[in-house]
Amino acid sequence: MREKIKKTVHDAFNTAVSKGLLPEMEIPSAHQVSPPRQKNHGDFSSNIALISASAAGRPPRQIAEQISSLLKDDPLFEKIEIAGPGFINFFVSRSWWQNNLLTICNAGDAYGESNAGRGIRVQVEFVSANPTGPLHVGHGRGAAVGDSLARVLRAAGFDVDTEYYINDVGNQMRTLGKSVYLRYQEYHGVEISFPEDHYQGAYIRDIAREIAEREGDRYLDASETQWLPVFRDTAVKAISSGIRRDLADFDVHFDHWFSERVLYRNNLVEKTISELQTKGFIYEKDGALWFRTTEFNDEKDRVVKRSNGVLTYFASDIAYHRHKLDRGYDILVDIWGADHHGYVPRVRAALKAMGHPPDRLRVLLVQLVNLMEAGKPKAMSTRAGEFVTLREVLNDVGSDAARFMFLTRRCDSHLDFDLELARKQSQENPVYYVQYAHARLASVLRTAKEQEVDLWEPDQVDLSLLDTDEETDILKQAEAFPGLIADSALALEPHRISYYLSNLAGHLHSYYNKCRFISEDQDLTQARLLLARVMKRIFRKGLNLLGVSAPEKM
RNA sequence: GCGCCCGUAGCUCAGCUGGAUAGAGCGCCGGACUUCGAAUCCGUAGGCCGCAGGUUCGAACCCUGCCGGGCGCGCCA
């Protein structure tokens with residue numbers, strides 16, 4: 001509808017120009033058609049007169065007058081008003097909204113989807129936690145945002161792949177193996193001193209115990225070259241499968257799991273560096289290789305190969321992003337913890353150096369989660385390895401509540417996650433509000449069935465009976481659903497979906513309390529039940545985009 | 001010190017990339033179940049959009065400078 005009105009205004013503008021009502025000029029690109037905040041300003045509002053006023057050399061209200069006079073007879077509109085400094089306000093006729101319900105209904109389960117993305121290939125990479133410990137709540141937020149964003153992008157017509165990058169190369173893997181080995185020695189009664197920079201969590205002991213129970217003490221006298229591969233790989237395997245299980249229970253499933261080892265196995269890191277070297281972006285200093293990222297707005301140059309010959313994490317990151325683009329993705333979305341924001345300029349620099357437009361990489365920074373319990377901050381000391389895991393949160397409050405909480409806020413704002421609130425099955429918990437709207441509609445339709453009300457074919461229903469203000473509001477919101485998904489996808493902001501749904505649920509609950517779906521009036525009942533069916537589908541679709549279930553009963 | 005993010009109702013946060021009189025949830029107070037589910041609804045109160053300038057028809061939004069909070073600034077991963 002919005003696009004339709006925009007086009008209508010454009011046509012009228014051009015007509016006005018060709019008729020000589022306005023001076024020769026282009027349609028200003030800043031022209032916007034948007035729903036006004038104030039209800040009495042109509043359904044949509046155009047600012048075209050305001051922004052073209054100075055170029056046209058006329059007062060805005062006069063321009064608005066000329067454009068609107070050309071549109072007065074369009075039956076789409078109930079009325080057109082000129083208001084304030086020169087806005088043109090459009091009031092769409094009620095019958096259009098009513099008839100649109102049939103269009104929505106005919107779209108079926110696909111309603112809400114669009115082709116805004118035009119099949120552009122997008123890769124969304126998220127979580128990507130190192131396999132050195134279980135996922136914590138912060139990862140959970142990233143997982144919820146990434147997974148939901150992927151769903152939204154798909155619904156908006158993008159061709160989406162999701163990916164988890166496994167950082168399984170380097171020193172940390174050795175540290176992991178050693179941590180387990182030390183606990184293994186400890187298990188067998190060997191006196192150990194456990195270094196502070198090793199992995200502290202209790203899960204390390206669990207893995208050590210498993211190995212000890214399975215293998216006995218045969219590794220006590222072994223050399224590091226013998227035990228390290230065993231302890232390291234066992235740990236990675238155990239931790240990785242734990243991570244996968246946590247994500248699966250969070251209803252997050254990846255299309256690809258990409259191992260950093262693949263980059264090394266195919267020599268891609270070395271190749272990428274030497275390519276940059278050929279292009280002259282690499283120099284040697286103090287025995288190390290440096291990448292001149294300052295040439296692309298980074299604060300300082302970065303090391304890609306240390307003087308001891310070891311490639312840095314950054315080096316494999318460059319190779320990884322190159323590899324992603326080589327795989328044919330048009331846009332790369334990286335979702336990182338906000339504490340990594342310092343890496344954005346250097347990765348961008350790498351893309352630029354390799355000749356890619358840097359805006360093909362979109363980085364979403366997800367702020368850390370502040371866990372609360374009944375309004376009080378819950379202590380999280382990372383140094384003792386006592387962070388709260390995603391698993392604990394899932395067991396505590398459930399997947400639906402957790403996901404909804406993570407998705408009600410913009411991802412770059414700090415999030416207070418109150419466990420007590422998320423646990424509560426009451427009105428304070430926003431998850432239930434939306435789910436209840438869905439369950440209520442399901443209940444209404446069940447009741448209709450029990451009372452043996454036969455549902456008519458949609459095109460047999462008299463939609464003009466949906467004429468209360470509440471119904472009109474709901475019809476308008478339903479119409480906006482596909483546009484909302486498209487906007488949410490283009491802005492990479494999945495939280496808009498949860499706001500939309502909360503708002504829609506509000507309208508629905510309000511309507512429910514005021515009007516009855518099922519009544520003596522057969523025609524009215526049919527019209528309202530059709531509305532119920534359509535709304536239920538929108539709730540289900542919307543909740544699904546968030547990865548939250550849509551229960552028939554609660 | 002430099003860089004990035006944030007500052008909106010008592011609390012937690014939206015504000016559709018610059019629009020008209022600033023929004024929601026929670027909390028407070030007062031009402032609504034013999035009726036399709038009260039996990040709901042209806043009503044009241046609550047604001048110098050951190051501060052000060054600038055840009056223009058128009059600023060919570062864009063620019064500059066302060067104030068306050070978070071994070072990052074290794075040949076770590």
Side-chain angles (χ1 to χ4, degrees), chain A residues 30 32 34-38 41 45 47 49-51 53-54 59-60 83-87 89 130 132 167 169-173 175 197 285-290 298-300 302-308 310 312-314 316 337-345 365 367-368 370 372 375 408-410 412-418 421 424-433 435-437 439-448 450-451 480 483-484 487-488 490-491 493 495-496 498-500 502-503 505-506 508-519 525 528-529 532 553-554:
Chain A
Q32 275 194 336
S34 53
R37 198 171 290 153
Q38 296 281 115
H41 290 146
S45 175
N47 64 350
L50 293 163
I51 53 173
S54 62
F87 290 103
N89 293 336
N130 299 344
T132 54
N167 232 261
V169 175
N171 212 23
Q172 49 167 353
M173 289 298 109
T175 307
D197 63 350
K285 195 181 89 181
D286 304 330
L289 290 183
W290 297 71
D298 198 6
E299 291 172 7
K300 52 171 292 192
R302 310 290 174 179
V303 172
V304 287
K305 192 177 203 170
R306 294 192 270 155
S307 55
N308 64 6
V310 177
T312 60
Y313 175 84
F314 179 44
S316 45
D339 52 339
H340 289 78
H341 68 255
Y343 293 82
V344 179
L365 298 171
Q367 277 292 348
L368 305 183
N370 205 4
M372 315 274 281
T408 43
R409 282 160 180 87
R410 249 186 23 232
D412 58 355
S413 80
H414 296 261
L415 170 65
D416 282 353
F417 190 122
D418 197 311
L421 191 122
K424 266 189 196 167
Q425 302 213 350
S426 76
Q427 59 178 110
E428 292 153 87
N429 192 334
V431 196
Y432 298 104
Y433 191 74
Q435 287 184 318
Y436 184 48
R440 241 183 178 172
L441 290 168
S443 171
V444 168
L445 293 168
R446 266 198 309 274
T447 307
E450 281 162 18
Q451 296 183 4
L484 169 90
D487 288 350
S488 176
L490 293 169
E493 291 183 352
H495 75 275
R496 291 190 197 181
S498 54
Y499 268 85
Y500 171 84
S502 298
N503 194 263
L508 185 101
H509 288 312
S510 183
Y511 174 57
Y512 180 92
N513 275 274
K514 196 165 174 183
C515 305
R516 294 187 60 79
F517 283 88
I518 300 164
S519 65
T525 301
R528 289 184 170 170
L529 286 179
K553 291 181 182 176
M554 291 172 70

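The figures that follow rest on heavy atoms only: side chains count, while hydrogens, waters and symmetry mates do not. By convention in this document, chain letters (A, B, ...) are assigned in the order of the sequence lines, proteins followed by strands, and residues within each chain are numbered from 1.
In this structure, B:rU34 makes no Watson-Crick or G-U wobble pair, since no nucleotide meets both defining distances under 3.5 angstrom. The partner of B:rG10 is B:rC26, judged by Watson-Crick or G-U wobble contacts that both fall below 3.5 Å. With a cut-off of 3.5 Å on both Watson-Crick or G-U wobble distances, the partner of B:rU64 is given as B:rA52. In this entry B:rG1 has B:rC73 as its Watson-Crick or G-U wobble partner, both defining distances falling under 3.5 Å.
Listed here is the closest heavy atom pair of A:Arg496 and A:Ala491: NH2-CB, 3.4 Å. Shown here for A:Leu529 and A:Ile518, the closest heavy-atom pair between the two residues is CD2-CG1, 4.3 Å. Minimum interatomic distance between A:Asn47 and A:Gln32 (heavy atoms only, all atoms of both residues): OD1-N, 2.8 Å. Shortest non-hydrogen contact noted between A:Pro85 and A:Leu50 is O-CD2, 3.6 Å. In terms of heavy-atom proximity, A:Val303 sits nearest to A:Phe314 at O-CD2, 4.1 Å. Heavy atoms only, all atoms of each residue included: A:Arg440 and A:His509 are closest at NH1-ND1, 3.1 Å.
Contacts of A:His41 with the nucleic acid, taken as non-hydrogen atoms under 4.0 Å apart, include base atoms. Residue contacts shown for A:Val169 are limited to sugar-phosphate atoms, with no base heavy atom under 4.0 Å away. Within the nucleic acid shown, A:Lys285 comes within 4.0 Å of at least one base atom, counting heavy atoms only. Counting non-hydrogen atoms under 4.0 angstrom, A:Leu365 reaches nothing in the nucleic acid. Base contact: A:Ser45 has a heavy atom under 4.0 Å from a base atom. Contacts of A:Asp416 with the nucleic acid, taken as non-hydrogen atoms under 4.0 Å apart, involve only primed sugar atoms and P, OP1 or OP2. Counting any heavy atom pair closer than 4.0 Å across all strands shown, A:Ser307 reaches a base atom. Nucleic acid contact class of A:Tyr433 (heavy atoms, under 4.0 Å, all strands): sugar-phosphate only. A:Lys553 comes within 4.0 angstrom of a base, heavy atoms only. A:Ser443 comes within 4.0 angstrom of a nucleotide base, judged by non-hydrogen atoms across all strands. Contacts of A:Ala83 with the nucleic acid, taken as non-hydrogen atoms under 4.0 Å apart, include base atoms. When heavy atoms are screened at a 4.0 angstrom cut-off, A:Pro35 is found touching base atoms of the nucleic acid. No engagement by A:Asp418 is indicated, since no non-hydrogen atom pair under 4.0 Å with the nucleic acid exists. If you check every strand for non-hydrogen atoms under 4.0 Å, A:Gln451 touches nothing.
Side chain A:Asn89 to base B:rA20: a donor-acceptor pair is found below 3.5 Å. For A:His341 against B:rG3, a side-chain-to-base donor-acceptor contact under 3.5 Å is present.
Atom OH in A:Tyr500 sits about 13 Å away from atom C1' in B:rC16, given to the nearest Å. The nearest whole Å value for the distance from the CZ atom in A:Arg516 to the P atom in B:rA38 is 10 Å. Distance A:Arg410 CZ to B:rC16 P: 9 Å, rounded to the nearest Å. For the pair A:Glu299 CD and B:rG74 P, the interatomic distance rounds to 9 Å; values are reported in whole Å. Distance A:Tyr512 OH to B:rC33 P: 15 Å, rounded to the nearest Å. One can place CG of A:Leu50 at 12 Å from C1' of B:rU56, the figure rounded to the nearest angstrom. Atom pair A:Phe314:CZ and B:rC73:P shows a separation of 14 Å (rounding to whole Å applied). Atom-to-atom, CZ of A:Phe87 to P of B:rU21 comes out at 9 Å; the value is rounded to the nearest Å.
In this structure, A:Arg306 does not reach the B:rG74 phosphate: none of its side-chain N or O atoms is under 4.0 Å from OP1 or OP2. Using a 4.0 Å cut-off, some side-chain N or O of A:Ser510 falls inside it from OP1 or OP2 of B:rC42.
Of the two residues near RNA chain B, A:Ala288 and A:His414, the one whose nearest nucleotide lies more 5' is A:His414. Comparing A:Arg302 and A:Pro36 along RNA chain B, the residue whose closest nucleotide (by nearest heavy atom) sits nearer the 5' end is A:Pro36.
Comparing the P positions of B:rA20 and B:rA59 gives an interatomic distance of 10 Å, to the nearest angstrom. Comparing B:rC66 with B:rC75, their P atoms sit 30 Å apart, to the nearest whole Å. The gap from the P atom of B:rG10 to that of B:rC5 amounts to 27 Å, rounded to the nearest Å. If you take atom C1' in B:rG7 and the same atom in B:rG69, they sit 8 Å apart, rounded to whole Å. Taking the C1' atoms as reference points, B:rC48 lies 16 Å from B:rC67, given to the whole Å. Comparing the same atom, C1', in B:rG53 and in B:rG15 gives a spacing of 25 Å after rounding to whole Å. Nucleotides B:rU40 and B:rC33 place their C1' atoms 10 Å apart, quoted to the nearest Å. B:rG3 and B:rG65 have their P atoms separated by 9 Å, given to the nearest Å.
Of the candidate nucleotides B:rC5, B:rC41, B:rG37, B:rC5 has the atom lying nearest to any side-chain atom of A:Gln367. Comparing B:rC36, B:rA39, B:rG72 against the side chain of A:Tyr436 picks out B:rA39 as the nearest. Comparing B:rC75, B:rC36, B:rA14 against the side chain of A:Thr447 picks out B:rC36 as the nearest. If you check B:rC13, B:rC16, B:rC41 against the side chain of A:Ser413, the one that comes closest is B:rC13. Comparing B:rU40, B:rC75, B:rA14 against the side chain of A:Lys300 picks out B:rC75 as the nearest. The side chain of A:His509 lies closest to B:rC41, out of B:rC36, B:rC41, B:rC13. Considering only side-chain atoms of A:Arg440, the nucleotide from B:rC75, B:rC41, B:rA38 that sits closest is B:rA38.
Taken from CZ in A:Arg306 to OG1 in A:Thr312, the straight-line distance is 8.0 Å, to the nearest 0.5 Å. Between atom CD of residue A:Gln367 and atom CZ of residue A:Arg409 there is a gap of 13.5 Å, rounded to the nearest 0.5 Å. Note that CG of A:Asn171 is 14.5 Å distant from OH of A:Tyr313, once rounded to the nearest 0.5 Å.
Base orientation of B:rU34: anti, since the glycosidic angle falls outside 90° of 0. Classified by its glycosidic torsion, B:rC61 falls in the anti category, the angle being over 90° from 0.
Among A:Pro60, A:Pro36, A:Ser45, the single residue meeting the side-chain contact (heavy atoms from CB on, under 4.5 Å) criterion with A:Phe87 is A:Ser45.
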